[in-house]
Amino acid sequence: MKYFRTHVLVGINETSKQAGVDAFLKTLKKEIETAGLMDEINVLETGPLGFFGKGICITVYPDNVNYDDLKQEDIQELVNEHFLKGRPVHRLLLNAGGKFCPKFNYENRIVLRNSGIIDPESIDEYLGAGGYEAWEKALQMEPMEIVEEVKKSGLRGRGGAGFPTGLKWSFTSPIKCEQKYVVVNADEGEPGTFKDRLIMEGDPHQLLEGIIICAKAVGATKSYIYIRGEYKLSIQRLRNAIKQCYDYGILGKNIFNSGFDHDIDIKIGAGAYVCGEETALIESLEGNRGNPRWKPPFPGLKGLWGCPTVVNNVETLANIPYIIKNGAEGYRKFGTPDCTGTKVYTILGDVAFPGLCEIDMGTTLRTIINDYAGGMKKGLRFKAALIGGAAGVILSDRLLDVNMDLNSLNQYSAVLGSGAILVMNENTSIVDMLWSILRFFRHESCGKCSPCRNGSQQLYDMISKIKKGQGIEDDLDKLLLIAETMQQTAFCALGQSPIMPIRSALENFRDEFLALTKK
Ligand SMILES: Cc1cc2nc3c(=O)[nH]c(=O)nc-3n(C[C@H](O)[C@H](O)[C@H](O)COP(=O)(O)O)c2cc1C
Ligand code: SF4
């Protein structure tokens, strides 16, 4: 084993790839060699580093110095000043508009605990970080024992609806039949949400470990990961991780002589928002047009090709290894008693450090924005935040101190949804924001049922009229009436959702709409 004085972790993800990280890496390694530092400095390619930074980001260990937005021309200075002389290059440090980096939550991570630290393409590094120990433990447990542990942990689905995960598994587990499936929902179509991508890019083995533990718990011999085609790096890393699992005997027939067989396959989706809805996703997996199915029966009883199927979100499953390894009690130390664990957020908009972070459930929106996203961009004031994407709510500063967890938000008719937070400054038009949300719903309606097919068009026409200053005050009540009718009559949750942004926008920012309408 070779020991290095310094490790340079280079984040390889879709963002850094677009910023030219491959060429950057080549030059960095060459310059380190030219400086004669090959035996002292170790350059490691890893996943998203888990902090808010632009373009090419690196972390230097053990100095714990973070750089972002690096360019080829910065390499020489980095090598000469930092790596050779131990003097961090201040002008390149992770900062935005003069503000230095916000708090990094390295301690309280579950899902992102390896992200940016291990090489996501190496199963050995995952094993070295304690990976697959939960799987080893789960292999010795009875299926219902696993289900009970997950139930006790209090884990609730991270795909948007917040359904208790252990309870979901408990419907499928006792069914006696030849074929059951696990389907991983990696469609991630909610605007502003990209946490599942970063989880898959940063630590694909953790997701695979969660999948096989779930499969053992419910008795499934086959899993499918349904992933959007744009997630090229995630797909590549998942494929690589699956192959490594077969090579190590973690997947396949009679795994570790346990008598349990399991296979995992990847299915690539074409990026329709509705295909994230679990029954539409199943239709798409079967090779049909992605239209939702009637529920009940729920997929847990009758899903893929009519077989019992557990559908879970990527983040939900990525929590499972920690729960099994540390027990439900270990997991319940995170979050609130009613809403346990952590949440991975993607924060966008007018904050100093847009990006992702993982924080305990129950942290307030104010803390997330100020402590983890570095506050508002210089010179801008907070006006509103869209929480949970298009199917989410537009909150005003009145709710900045409400705990961000499923139950607390529920009391204010708000939702946590997928965990996307879009922060808007005081100059943002909420009418324009609602217009783009309703345009999205009109575009994504699959057309199967008339309340949504026609309702989403009517909502869009009405908000377009209001936006142009051609609406009347009564139109605001009509917007609500149409959206409420859709909520009660639309076939699936897509058409039932526009009420959320509409109601919250009108409740919190009615004056803005009134200013654009005639009596
Ligand atoms: C229009 C629509 C889009 C959805 N998109 C996603 C998605 O991209 N990812 C996801 O995990 N769940 C999505 N869901 C929720 C799924 O239907 C399902 O509840 C979820 O995958 C269950 O996993 P969980 O219990 O782990 O949260 C969507 C739901 C609707 C109605
Ligand atoms: S509500 Fe919309 S997306 Fe859902 S089935 Fe009806 S038309 Fe399709």
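Note that ligands are numbered from 1 as they come in the structure, with each ligand's atoms numbered from 1 the same way. When a residue number appears, it is its place in the shown sequence, counting from 1.
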Location of contacts on E277 toward ligand 1, heavy atoms closer than 4.0 Å: both
Check: T364/T367 side-chain N/O donor and acceptor closer than 3.5 Å: yes
N or O contact, D196 vs ligand 1, cut-off under 3.5 Å: no
Donor + acceptor pair across side chains of D187, Y273 (<3.5 Å): no
Flag for N240-Q236: side-chain donor and acceptor within less than 3.5 Å: no
Under 3.5 Å side-chain donor-acceptor pair for N108 and K333: no
Lys/Arg N to Asp/Glu carboxylate O, E278 vs K295, below 4.0 Å: yes
Any N/O pair D187/ligand 1 closer than 3.5 Å: no
Contact partition for T316 relative to ligand 1, non-hydrogen atoms under 4.0 Å: side chain
Proximity to ligand 1 by part of K168, non-hydrogen separation under 4.0 Å: side chain
Residue N185 vicinity, atoms of ligand 1 by number, heavy atom under 4.0 Å: 6 (C), 7 (C), 8 (O), 9 (N), 10 (C), 11 (O), 12 (N), 13 (C), 16 (C), 21 (O)
Matching residue for I146 among K137, K151, M141 - test: side chain to side chain contact (heavy atoms under 4.5 Å, CB included): M141
Lys/Arg-Asp/Glu bridge criterion (N-O < 4.0 Å) met for D263, K222: no
Residue F256 excluded, over 12 heavy atoms near CZ under 6.0 Å: yes
Every N, O or S from the protein that is nearer than 2.8 Å to atom 2 (Fe) of ligand 2: C452 SG
Side chain to side chain contact (heavy atoms under 4.5 Å, CB included) assessment of N508 paired with I394: CA-CA 8 Å; N508 294 317; I394 300 173; 5.6 Å; no
For atom 18 (C) of ligand 1, closest protein heavy-atom neighbour: E278 OE1, 3.9 Å
Any R158 heavy atom less than 4.0 Å to ligand 1: yes
Under 3.5 Å side-chain donor-acceptor pair for S284 and Y226: yes
Any C492 heavy atom less than 4.0 Å to ligand 1: no
Atom CZ of R289: over 12 foreign heavy atoms under 6.0 Å: no
Numbered atoms of ligand 1 (with element) below 4.0 Å of E188, judged on heavy atoms: 7 (C), 8 (O)
Residues, nucleotides or ligands: over 12 heavy atoms within 6.0 Å of E142 CD: no
Identity and separation of the nearest protein heavy atom to atom 27 (O) of ligand 1: G159 N, 2.8 Å
Top protein contact for atom 11 (O) of ligand 1, by heavy-atom distance: N313 ND2, 2.8 Å
Nearest-option assignment for atom 31 (C) of ligand 1, heavy atoms, candidates S418, A493, S497, A391: A493
Protein contact to atom 14 (N) of ligand 1 [nearest heavy atom, distance to 0.1 Å]: G276 O, 3.2 Å
Short N-O contact, E286 and R293, less than 4.0 angstrom: yes
Numbering as shown, the atoms of ligand 1 that approach G189 to under 4.0 Å (heavy-atom distance): 8 (O)
